[in-house]
2 protein chains.
Amino acid sequence: MTTQEQHKASAGPNEPQQSGEQLRQMLPELNTARPTIAEIARRAGVNKSTVSRALRDDPSIPQATRQRIQDLAAQLNYVPNASARHLNHARTDTIALVSRALNLDTGAGSADPFLVELLAGIADEAASHHFDVLLVRAEEGERELGVYQRILGGRHADGVILTDLRPNDHRLAYLCRHRYPHVLFGRSAEDLAEARLYPYPWAEVDNRSGARIGTEHLIGLGHRRIAFIGGGDTYHWERDRRAGYREALARANLPYDPRLCIPSGISQKDGYLLTQQLLSWEEPPTAIFAISDVLAVGVMRAALDAGVQVGPAFSVIGFDGLGLGSYLTPPLTTLRQPINEVGRILVQLLCAVLRGTPPEEPHVFLQPELIVRASTRGY
Amino acid sequence: MTTQEQHKASAGPNEPQQSGEQLRQMLPELNTARPTIAEIARRAGVNKSTVSRALRDDPSIPQATRQRIQDLAAQLNYVPNASARHLNHARTDTIALVSRALNLDTGAGSADPFLVELLAGIADEAASHHFDVLLVRAEEGERELGVYQRILGGRHADGVILTDLRPNDHRLAYLCRHRYPHVLFGRSAEDLAEARLYPYPWAEVDNRSGARIGTEHLIGLGHRRIAFIGGGDTYHWERDRRAGYREALARANLPYDPRLCIPSGISQKDGYLLTQQLLSWEEPPTAIFAISDVLAVGVMRAALDAGVQVGPAFSVIGFDGLGLGSYLTPPLTTLRQPINEVGRILVQLLCAVLRGTPPEEPHVFLQPELIVRASTRGY
DNA sequence: TAAGCTAACGCAACCGGTTGCGTAGACAAA
DNA sequence: TTTGTCTACGCAACCGGTTGCGTTAGCTTA
């Protein structure tokens, strides 16, 4: 319970007056007796197997009988029991998404806007493949692998989508060892010794190219002292974006100044504080590349508070393409990730693995799109 | 596929060169042969039933035997098959969340930031009750009820959480008729004829009180011509917020001017365009209550573009308490909804229903919290 | 030593579908 | 009438656990 005031329905306006006791008496028995195939068979005067076949439109059952049984089933509101079906087929037609963003204590502050977009893509594509989607919180430390054992070993799902990939991610070795079907959102095991033999597909947004393109955009505007704020060393996406930044500098023959490449947390507050520091330098940078839009928000607010006008002279660029970027003042230049698309593709790849027919091209790179707005271009 | 450029891994930098063909050969057989209880029984030289009991720490099995079997199971990496268990127990220990926000085409523009917070609360609480969470897209029209039939009738989940409640929501009657366990995020069937007999719990944020408090905040600042932008007539939350606005006016003996209460879509663009109109009036309102934070963003941008300073003289207030509100210029006064908390409570309520022991108080109102920022107060 | 009791475990049915195989019955051909 | 064929459907095992009840071995008690 939080400190939120919670009042009861009886105190609310115009609410029906129901106590828990009354409700307890009203609450119907749980509907435990749903019609089964055996029940339909009994009523139709045939064998279970005949019903099963009729419902699946097996041509060995004559059309008339089929129709009769189907009508009866519809009339009884029959729905096949998923567990029974799953048990037979040794499949559950379910895929799981494991995400850290579901944890309440990730320190990301408010919820990750990413996840919904990803989920929308996943849910949409999964539905069209007749798959259910299971949502699973990622655990950390000792219990991390236990999640996958429970979900895949226990057949809660047939396969799983991994996110938040790290270098030397030990989940990969574990999943391979147990032959648990999975796909990755994010680059795989290129740093594993057996990288070239890693057999599962992945899809990712090309973070390195995106960061390079963004940095080149700043360089093209004439900036020479470009700071890069953000990220730790934990996840691939952070490392890759930083690599893209350095790549752009190198291509432009600009020196890489480690003091300008600043590690940080992932909240807007980190962006705010670090930008304050940067602006207090004798010779501050003229542009800041924030590793995420959320960080960029803090960057821009710090500039605002310091009286620095964001635009061509002092440019800020973010990464992600979250909706909020266009509402900032000035609107934020950023690299938009096609998250929906990633979700769809991940499901397609995973379904292919589950069918045993991996796709022609198991490794999909999606290019982020540079969206130039006033935070670099001015009005 | 979008118009995004998609290139292949082989074109990416430093990527292992794997073709689909190679991968097809590498991809291990799906792990179909996981140990079963029968397998363990065979190896331990006992009966299936003994293994089953030993694994459940049944005291009728002597400690030594129990330990031996448990060790063997751990060594074989045994995980019980969920489908088999579910089939036995006539329970799946799974709850489903049905949400419109997962549809790609809801017209909401970018993804609903709500859902993640709600999901985080749900996932957290569900995990502590040992429940899985299934994510299901809401369908509309003809196929809407079919979703519930499939999920609950087919035993994909034991119960379901409904969102986006509407007046006369025919889903409620359907679920009651079939005795499908469910809880509501949002007010229930008070408009159903049998409202007082509706037996299922619900939890909701008190939208009416929130809107009233927000409006009273504006009135307290001296505003007399307060516009209310937003919402349609479809969902309870829209109607209730509007009702709260009117309630505050009535309590303050201010006239209700229908021209100031403007229906709209739910995107920031709607907020933008409607505010432009309002500002062009001969005698524009001095304050705007936007029905959601997203709309408020559009409102504030329109004011900015029109050269109207948002603050004490021209105040804007939103509703939701999304993280983005604090990043706006000026930061947005809003009513924060305790969404996480709602998620937790919904799960608690649903679990209670599934246990057959409904909670003492089945109807929970959570109060939104007024967060006053510079958009009404000034700097 | 036989009857009685309990601890320890096996047997088999069951959950709700699926499926390989067998067979009864209808009908045609010999 | 017998043999053969094909259609329409039944029988029973099976998926992987769970559970009520029965049985056996071992020990105590009369």
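When reading the values below, keep in mind they use all heavy atoms of this one structure, side chains included, and skip hydrogens, waters and symmetry mates. Every chain is numbered from 1, with letters handed out A, B, ... down the list of sequences. Source: prediction; values computed, not measured.
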**OP:** Produce a footprint string for nucleotides 8-14 of chain D: one letter per nucleotide, 5' end first; B if the base is under 4.0 Å from any protein heavy atom, S if only the sugar-phosphate is, - if neither.
**Re:** SSBB---

What is the distance from [atom1] of [X] to [atom2] of [N], rounded to the nearest Å?
X: A/L87; N: D/dT18; atom1: CG; atom2: C1'; result: 12 Å
X: A/D57; N: C/dT18; atom1: CG; atom2: P; result: 13 Å
X: B/N81; N: D/dT18; atom1: CG; atom2: C1'; result: 13 Å
X: A/R91; N: D/dG16; atom1: CZ; atom2: C1'; result: 17 Å
X: B/I69; N: D/dG17; atom1: CD1; atom2: C1'; result: 14 Å
X: B/I40; N: C/dG10; atom1: CD1; atom2: P; result: 14 Å
X: B/D58; N: C/dG10; atom1: CG; atom2: C1'; result: 14 Å
X: B/R34; N: D/dG17; atom1: CZ; atom2: P; result: 11 Å

Subject >> Salt-bridge contact A/D169-A/R166 (side-chain N to carboxylate O under 4.0 Å) >> reply: yes

Original post:
Less than 4.0 Å between a side-chain N and a carboxylate O, is that true for B/E341 and B/R344?
Top reply: no

Original post:
For the side chain of A/Q70 and the backbone of A/A54, is there at least one donor-acceptor N/O pair under 3.5 Å apart?
Top reply: yes

**OP:** Assess whether ring pair (Phe, Tyr, Trp, His ring centres under 6.0 Å) is satisfied between B/Y180 and B/H178, documenting all intermediate values.
**Re:** CA-CA 5 Å; B/Y180 287 146; B/H178 291 275; 5.3 Å; yes

**OP:** Answer yes or no: does a side-chain N or O of B/R85 lie under 4.0 Å from OP1 or OP2 of D/dT18?
**Re:** yes

Original post:
Within the pair A/Y78 and C/dG17, is there a side-chain N or O less than 4.0 Å away from OP1 or OP2?
Top reply: yes

**OP:** Taking the side chain as every heavy atom from C-beta outward, state whether B/T92 and B/H156 have any pair of such atoms under 4.5 Å apart.
**Re:** no

Original post:
Are A/L354 and A/H129 close enough that some pair of their side-chain heavy atoms sits under 4.5 Å apart?
Top reply: no

